[in-house]
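Have a look at the structure below before the remarks.
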Amino acid sequence: MKTKLTHYLEDNIPMAENTLILPKDSNDALALNVPMVEDKQYSTLNLGPVHPATHGIFQNILTMDGEKIVDSEQTVGYIHRAFEKIAERRPFYQITTLTDRLNYCSSPINNFGWHMTVEKLLGVKVPKRAEYIRVIMMELARISDHLICNSILGVDTGAYSGFLYVMQEREKIYEIYEEVCGARLTTNMGRIGGMERDLSPTAIAKIRDLVFNSFPKVWAEFETLFNRNKIFRDRIQNVGGISSARAMEYGFTGPNLRATGVDYDVRVIEPYSSYEDFDFEIPIGHKGDTFDRFMVRNGEVWESLKIIQQAIENLPEGPYYADEDQYYLPPKKEVYSSMEALIYHFKIVMGEIDAPVGEVYHAVEGGNGELGFYLISDGGRTPFRLHFRRPSFIYYQAYPEMCKGLTISDAVVIMSSLNVIAGELDA
Amino acid sequence: MINNESIVEEVVGQFGQKVFGFEEPFGLLTFTTNASDLVEVVGFLKNHAEFKFAFLTDLAGIHFPDNIGGELCSVCMLHSWENNIRVRIKAFVPIVDPKVPTLTTLFASANWQERETFDFYGIEYTGHPNLKRILNMEDMDYFPMRKEYPLEDATREDKIDALFGR
């Protein structure tokens with residue numbers, strides 16, 4: 001496993017390896033600080049709650065001086081569904097369906113993140129094959145997440161065709177989800193202790209076709225459409241830059257942080273689910289502007305493809321679930337034919353088994369950054385407290401600072417490139 | 001080599017009786033401090049030359065109804081990226097006067113997370129620049145994540161409690 005500076009950026013400024021960017025070298029100065037003047041008339045503009053650029057429901061109240069944004073305030077919570085409260089009354093399996101609806105562009109990552117948190121609490125050792133299958137599904141989810149973000153960034157700037165090219169591939173990823181778990185968007189994939197079923201030959205064939213044949217071609221085509229497109233780059237380059245120090249202070253994680261030049265990735269720093277077995281690089285940017293975020297996501301898609309290719313080539317033989325009959329649901333065939341399996345199925349689904357007492361934090365690298373689950377169990381059937389560390393919620397508070405002094409069209413692309421998902425924002 | 005023991009040693013050496021309740025659930029160093037000392041302790045860990053706990057990972061509230069005199073808990077989790085080590089710091093406050101000093105002076109990301117904790121638990125972060133509700137509507141007059149608000153109507157009679165353990 002290596003971390004190094006990426007070659008994906010074309011105008012690469014030479015830098016020593018693993019160094020942070022000093023604020024003076026970044027383009028913080030681009031975020032103009034327009035002071036508010038008393039007695040001056042400012043106009044107020046509502047960007048949202050329902051605006052094509054918000055990708056969900058949240059509001060930005062912009063204070064404008066002509067075309068310049070002088071200040072903005074966010075109103076969030078329009079789709080708040082009280083997941084943390086609901087989780088306090090639900091057994092562990094029933095919480096998986098809640099995690100689906102956090103970042104609904106990459107549900108499998110949330111599902112497995114939650115399952116891994118419970119496994120950490122229970123001390124379950126998951127077999128290698130199940131971990132590899134999880135890695136494949138999580139990386140497919142990351143691809144579909146980044147693909148949506150980047151292609152929608154194109155749509156928001158008026159470049160529609162790239163979006164249509166890659167949506168075809170997202171459809172193929174959803175077909176793989178369908179083959180593995182039966183659902184497409186809110187997947188509820190996997191079980192505590194492994195997967196609910198092994199990868200079928202059809203699923204393996206579909207994954208192989210996607211990662212070896214169809215997807216690399218389409219993604220290369222997408223990159224040729226955008227990366228050196230003068231109109232597109234003029235819109236996004238040097239827009240919404242943030243320094244690495246400021247990004248750290250604002251709690252940035254994931255691609256948005258890596259665009260500022262910090263190579264922090266949970267998959268590398270705290271490997272989970274056998275990520276240490278794979279050889280991949282972490283693409284990073286150097287200015288933290290919208291173009292860097294776009295390019296970092298492009299690069300991550302290639303790295304995810306590399307991981308899936310390695311995982312599918314080296315898929316280990318063996319069981320796909322842990323021998324954990326207190327938590328792993330028995331196979332449906334046995335449930336319908338044997339009394340004991342039926343009893344276990346009922347006990348697990350109704351949460352009749354008390355979990356051990358414990359306090360556990362587990363983080364996975366979600367589509368937008370570090371997705372953390374902070375679980376306190378008091379020995380009952382449900383969590384005593386469950387807190388989701390939602391990356392979108394934490395980094396979105398930097399948005400006013402990032403779009404200060406810029407125009408509305410810049411504010412739209414910044415919001416789009418931050419990839420704020422309303423489900424994750426509000427929980 | 002920085003590990004949990006060296007952090008405990010350093011923190012106890014600096015703060016003595018102000019930090020207590022050390023434990024390591026699943027290897028993550030957890031300790032408690034008084035609410036009045038929280039900013040000092042977190043600032044010490046953030047600016048320490050070796051530890052460099054410069055990233056606030058998470059900030060959450062917890063309600064322990066049975067812990068009389070310290071019913072509400074504000075827990076924050078710091079991460080040192082350079083040493084790859086995490087630490088969790090708790091501060092317990094009584095529910096009648098839940099005041100915790102704000103961490104926004106140290107971390108900009110604490111802003112919304114403290115607003116969220118205030119919104120759901122009613123912990124008042126003194127010195128916070130904009131302490132108002134964030135996810136719930138502003139005219140709400142209670143703190144919904146507190147344990148006295150059950151999710152289901154307790155008077156419901158169409159479910160037999162003995163069968164479902166509710």
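Lettering of chains follows the sequences in order, A, B, ..., and the numbering in each one begins at 1.
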Q. Chain B: which of A/Tyr396, A/Phe384, A/Phe252 shares the most heavy-atom pairs with it under 4.5 Å?
A.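 Top count of heavy-atom pairs under 4.5 Å with chain B: A/Phe384.
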Quick check on [X] against chain B: is it the side chain, the backbone, both or neither that has a heavy atom closer than 4.5 Å?
{"X": "A/Tyr264", "value": "side chain"}
{"X": "A/Ala82", "value": "neither"}
{"X": "A/Tyr78", "value": "neither"}
{"X": "A/Thr253", "value": "side chain"}

Sidechain-backbone polar pair: [X] side chain, [Y] backbone, donor-acceptor under 3.5 Å:
{"X": "A/Arg89", "Y": "B/Pro150", "value": "no"}
{"X": "B/Gln113", "Y": "A/Ile394", "value": "no"}
{"X": "A/Glu359", "Y": "B/Pro25", "value": "no"}

Could you tell me which portion of [X] (side chain, backbone, both or neither) has an atom closer than 4.5 angstrom to a non-hydrogen atom of chain A?
{"X": "B/Arg86", "result": "side chain"}
{"X": "B/Asp119", "result": "neither"}
{"X": "B/Leu28", "result": "side chain"}
{"X": "B/His79", "result": "side chain"}
{"X": "B/Met137", "result": "neither"}
{"X": "B/Arg146", "result": "backbone"}
{"X": "B/Tyr149", "result": "both"}

Using every non-hydrogen atom in the two residues, find where [X] and [Y] come nearest and quote the distance to one decimal.
{"X": "A/Gln397", "Y": "B/Asn111", "value": "OE1-CB, 3.3 Å"}
{"X": "B/Pro144", "Y": "A/Lys85", "value": "O-NZ, 3.1 Å"}
{"X": "B/Ser109", "Y": "A/Gly251", "value": "CB-N, 3.7 Å"}
{"X": "A/Arg390", "Y": "B/Leu135", "value": "NH2-CD1, 4.0 Å"}

Q) Taking atom CG of A/Asp426 and atom CD1 of B/Ile134, what is their separation to the nearest 0.5 Å? A)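 Going from the CG atom of A/Asp426 to the CD1 atom of B/Ile134 covers 9.0 Å.
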Q: Measure the spacing between CZ of B/Arg88 and OH of A/Tyr374 and express it to the nearest 0.5 Å.
A: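 Going from CZ on B/Arg88 over to OH on A/Tyr374, the span is 4.5 Å.
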Q.
Are B/Phe120 and A/His80, when compared by the centres of their aromatic rings, separated by less than 6.0 Å?
A.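 For B/Phe120 and A/His80, the ring centres are under 6.0 Å apart.
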Q. Which of the residues B/His63, B/Lys147, B/Arg133, B/Glu23 is involved in the greatest number of heavy-atom pairs with chain A at under 4.5 angstrom?
A.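 Of B/His63, B/Lys147, B/Arg133, B/Glu23, B/Lys147 has the most heavy-atom pairs under 4.5 Å with chain A.
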Q. Stepwise, does the side chain to side chain contact (heavy atoms under 4.5 Å, CB included) test hold for A/Leu121 with B/Phe26?
A. CA-CA 8 Å; A/Leu121 176 73; B/Phe26 297 90; 4.2 Å; yes
(Q) Quick check on B/Glu148: does its CD atom have over 12 non-hydrogen neighbours (other residues, nucleotides or ligands) under 6.0 Å away? (A)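 Atom CD in B/Glu148 is crowded, with more than 12 foreign heavy atoms closer than 6.0 Å.
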Q | A/Leu257 side chain reached by B/Phe55 side chain, heavy atoms, under 4.5 Å | A |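 Answer no - side chains too far apart.
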Q: Begin from the C-alpha positions of A/His387 and B/Glu116 and carry the test side chain to side chain contact (heavy atoms under 4.5 Å, CB included) through to its verdict.
A: CA-CA 11 Å; A/His387 179 72; B/Glu116 190 193 15; 4.0 Å; yes
